[in-house]
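Because the structure is a prediction, the values reported are computed rather than measured.
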Amino acid sequence: MKLSNIKYMAVATLLGFSLASCSDFLDRPNEDGYNVDNYYKTDEQCYSGVNYLYNSPWYDFQRGFIKVGEVLSGNYYWGSSPYLNFSVNGSDQDLVNMSYSLWAVIGHANTVYNNLKGASASQEAIDQCMGECLTWKAFAYFFLVRSFGDVPIIHDNAEELVSGSYITAKKVKRSDVYEYIIMTLEKAMELLMKKAPQSGRIDYYAAEALLAKVYLTRAGVTGALNASDLANAAKYAKDVIENSGRSLLENYGDVWKLSESLNEESLIAWRWTVGANWTSQNTLQSDLAMEGMDEFGDCWGGWNGLSVDIQEAFGIKLLENQPDAWLNNVDSRLKATMFLPGYVYDYLWADHGGYDYLKFIYDKDYNEAATGTLQAPTGANCAKHLYGNTADHVAALNISPARMSYALPTHILRLSDVYLIYAEALLGTGRATSTNSEVLDAFYAVHHRAVPSSNYPTSVSWEDIWKERRLEFAMEGDRWYDFVRVSYYDPAYCVQELTAQKRNAYWGLDALYKAYYQTGSWKVDSSKQGYDGSVAPPNVIVMLRQDSEVPNMGYFALPMCAEDVLFNPNLGSNVEGEHVNVRETYSY
């Protein structure tokens, strides 16, 4: 969001709930005959007044969520994207939309939080709703600081409007922004119920889980890992694991099923709806699915795919393995993450007997929109974030989807993350290989769920956790931010890994796939199939930004939006943030 639009967003939220949405979970207020003065009178009105923060303000972040989190990090191949080769600049529309969306969340969260102060509902409901506002605000700032580095703090929209300071806002040091996020989450935890009044809502433990993740990320912001921050990350993660009453789902693939949209493993999610209010809906399937996945002609993601590098991280080398390598792969996350030849999914296209990847491409009787040609340059299309077709949507939620409009939630913080945060934080500042039973237990809980045949480990290294995070959260918009936090204290490690990735495409796969579909034979001919090694590795170093407080150390940061900088030169990427004593300057 352009900072010039903060004034607009504040006025919009003060006037009403123009972005509110509706569903069984997220009922919205009737738009006729209400305003701030006559609303927030009942508990129900307070909850419905907060509901839209779970979707609408986040809408324009969806594409950036994938391009930054997954394309930039080397997990996803998007051939024409500047995120693939590190050439993204401040005028990139997806970057602009991402920034717009994150500032919109903060503007709306601030306004609803202030509106709730005058509510006449029960104090318990008021507190819960205010806590939800603050958690969403903290999450938006968490994305902002990890994306852009130093950013302004907009604590109160009304104050910004009165003072006019939104036109001269100055950036704040990353370390201080993290302190502000921590302060915001601490207040949220004071307000939130230990168990939310409805499934899917943010509760105390969801905010605490986010706090643990923030501490782990902040731990390296000064150029070396901070023992106190790691200890706090471990403390809060342990409390969530031991006392939240939540547990991992038995089957990893179930997390992504529309029928499991309110699963207990999901701590914080964008809760999309299908209704008359545009921006309340999920549209990720359109960008990620192949043409013909649904009946609306709104899918165009077939020409992209899971990168060769993430395939090899799972142990799959299409031009060296036989199909047994993936058909019998012991890691359940592989199939849940990407479509590969021979894969069939019972929860997608159930009215067709299940979604068969190769039949979908080559069989017109099975799929009227079948192109007859493999589109994915990497040979693997995305499986996560897809709801399937109308019959699948109706069967799971009893409501029909629409064009670029579906209610599959987007999980942005899961319990498995908390387990791995706990394990990594316990390794300490030296990132030493550990035999600590608590580290082993936390790591094993995640790994064994994905690989049931795995043995209990005798030791766990930082590299084990690093890889586990990649496989566990692939295509969940998080991998780039792992690189960002590690770049704070070890940029050379990140540059080396990103530069060495296989980020390019295969060639000749269509003939290989078609022959396998028609004959069951998988015969690779090196003269007809291969990996494109002609494209030079990306210049990863261009993404490093210098910070005078951390000499000789760069960290990853995206360029600030060009329009914002034109409007306010204080926001330039070459302008460092100012130190702010957050605890003395701001209060809730």
Derivation and outcome, ring-ring contact (aromatic ring centres under 6.0 Å, His included), residues Y345 and W256: CA-CA 12 Å; Y345 299 76; W256 311 104; over 10 Å; no
Pairs where residues 407-427 contributes a residue and the test side-chain hydrogen bond (donor to acceptor under 3.5 Å, both in side chains) is met, not counting sequence neighbours: K213-D417, E265-R414, S266-H411, W272-T410, R414-S416, R414-E472, R414-E476, S416-E472, D417-R469, Y422-E438, E424-W462, E424-R485
Exceeds 12 heavy-atom contacts within 6.0 angstrom, atom CD of E291: no
R333 and E468: CA distance, side-chain angles, deciding distance, side chain to side chain contact (heavy atoms under 4.5 Å, CB included) verdict: CA-CA 11 Å; R333 295 173 296 201; E468 195 71 14; 2.8 Å; yes
From CA spacing to verdict: side-chain hydrogen bond (donor to acceptor under 3.5 Å, both in side chains), D309, S307: CA-CA 5 Å; D309 203 74; S307 73; 5.4 Å; no
Within 6.0 Å of CD1 in I541, more than 12 heavy atoms from elsewhere: no
Y83 OH to D92 CG distance, which is reported to the nearest 0.5 Å: 3.5 Å
Main-chain N/O of M404 paired to D298 side chain as donor or acceptor, under 3.5 Å: yes
Side chain to side chain contact (heavy atoms under 4.5 Å, CB included) evaluation trace for L340 with L334: CA-CA 9 Å; L340 287 170; L334 176 66; 4.2 Å; yes
Audit row: R479, D482, side chain to side chain contact (heavy atoms under 4.5 Å, CB included) steps and yes/no: CA-CA 5 Å; R479 186 58 175 177; D482 269 340; 3.7 Å; yes
Polar side-chain atom of Q62 near backbone of T283 as donor-acceptor pair, under 3.5 Å: yes
Plane angle bin for F142 and F139 - parallel if under 30°, tilted between 30 and 60°, otherwise perpendicular: tilted
Distance-minimising heavy-atom pair for K502 and E312: NZ-OE2, 3.1 Å
Stepwise side-chain hydrogen bond (donor to acceptor under 3.5 Å, both in side chains) test for S459 and T433: CA-CA 7 Å; S459 65; T433 297; 5.9 Å; no
Any I268 side-chain heavy atom under 4.5 Å of T135 side chain: yes
Minimum side-chain heavy-atom gap V394-S400 below 4.5 Å: yes
Spacing of CG belonging to L248 relative to CG belonging to L415, to within rounding of 0.5 Å: 5.0 Å
Gap separating the SG atom of C299 from the CG atom of D294, nearest 0.5 angstrom: 4.0 Å
For Y141, the option from F148, W103, W136 that meets ring pair (Phe, Tyr, Trp, His ring centres under 6.0 Å): W103
CD/Q496: more than 12 non-hydrogen atoms of other groups inside 6.0 Å: no
Donor-acceptor under 3.5 Å (Y531 side chain, N504 main chain): yes
Output field: ring centroids F65/W480 closer than 6.0 Å: no
Residue pair A140 / L102: nearest heavy atoms and the distance that separates them: CB-O, 3.7 Å
NZ-CD distance between K523 and Q529, expressed to the nearest 0.5 angstrom: 12.5 Å
Under 3.5 Å: donor-acceptor pair, side chain of K384, backbone of A474: yes
Exceeds 12 heavy-atom contacts within 6.0 angstrom, atom CD of E368: no
R146 to F143 six-membered ring, cation-pi geometry met (6.0 Å, 45°): yes
L95 vs L558, side chain to side chain contact (heavy atoms under 4.5 Å, CB included): CA-CA, chis, key distance, verdict: CA-CA 9 Å; L95 188 76; L558 290 161; 3.9 Å; yes
Atom pair NZ/CG of K514 and L509 - distance to nearest 0.5 Å: 13.0 Å
Q311 side chain to G379 backbone, donor-acceptor under 3.5 Å: no
For the student: nearest non-hydrogen atoms of K335 and Y343, plus distance: CA-CE1, 3.6 Å
Chi angles and distances behind the salt bridge (Lys or Arg N to Asp or Glu O under 4.0 Å) call for D287, K67: CA-CA 11 Å; D287 270 348; K67 287 194 172 182; over 6 Å; no
Closest non-hydrogen atom pair between A380 and M338, with its separation: CB-SD, 3.9 Å
Check: S244 side chain, R246 main-chain N or O, donor-acceptor pair, under 3.5 Å: yes
Plane angle bin for W349 and Y355 - parallel if under 30°, tilted between 30 and 60°, otherwise perpendicular: perpendicular
All ring pair (Phe, Tyr, Trp, His ring centres under 6.0 Å) counterparts of H385, not counting sequence neighbours: none
Chi angles and distances behind the ring-ring contact (aromatic ring centres under 6.0 Å, His included) call for W466, F483: CA-CA 10 Å; W466 178 249; F483 278 114; 5.2 Å; yes
Side-chain donor or acceptor of E70 paired with backbone N/O of G477 under 3.5 Å: yes
Face-on cation placement of R503 at W78 ring, 6.0 Å and 45° thresholds: no
Side-chain donor/acceptor of K364 to backbone N/O of A370, under 3.5 Å: yes
Inter-residue atom distance S199.OG - E264.CD, 0.5 Å rounding: 9.5 Å
Stepwise side-chain hydrogen bond (donor to acceptor under 3.5 Å, both in side chains) check, D441 with Y456: CA-CA 8 Å; D441 287 348; Y456 187 82; 2.6 Å; yes
Whether W522 and Y516 hold their rings parallel, tilted or perpendicular, with breakpoints at 30° and 60°: perpendicular
E250 atom CD, over 12 foreign heavy atoms within 6.0 Å: no
Under 3.5 Å: donor-acceptor pair, side chain of H393, backbone of G388: no
Candidate pair D351 and N389, rule side-chain hydrogen bond (donor to acceptor under 3.5 Å, both in side chains), full reasoning: CA-CA 9 Å; D351 61 335; N389 61 14; 3.0 Å; yes
Proximity of Y59 and W270 rings by center, below 6.0 Å: no
Check: I202 main-chain N/O paired with Y54 side-chain donor or acceptor under 3.5 Å: yes
Nearest heavy atoms of Y357 and P341, plus distance in Å: CD2-N, 3.8 Å
Test of ring centre spacing under 6.0 Å for Y513 and Y517: no
Smallest separation among heavy atoms of L397 and S261, with atom names: CD2-OG, 4.1 Å
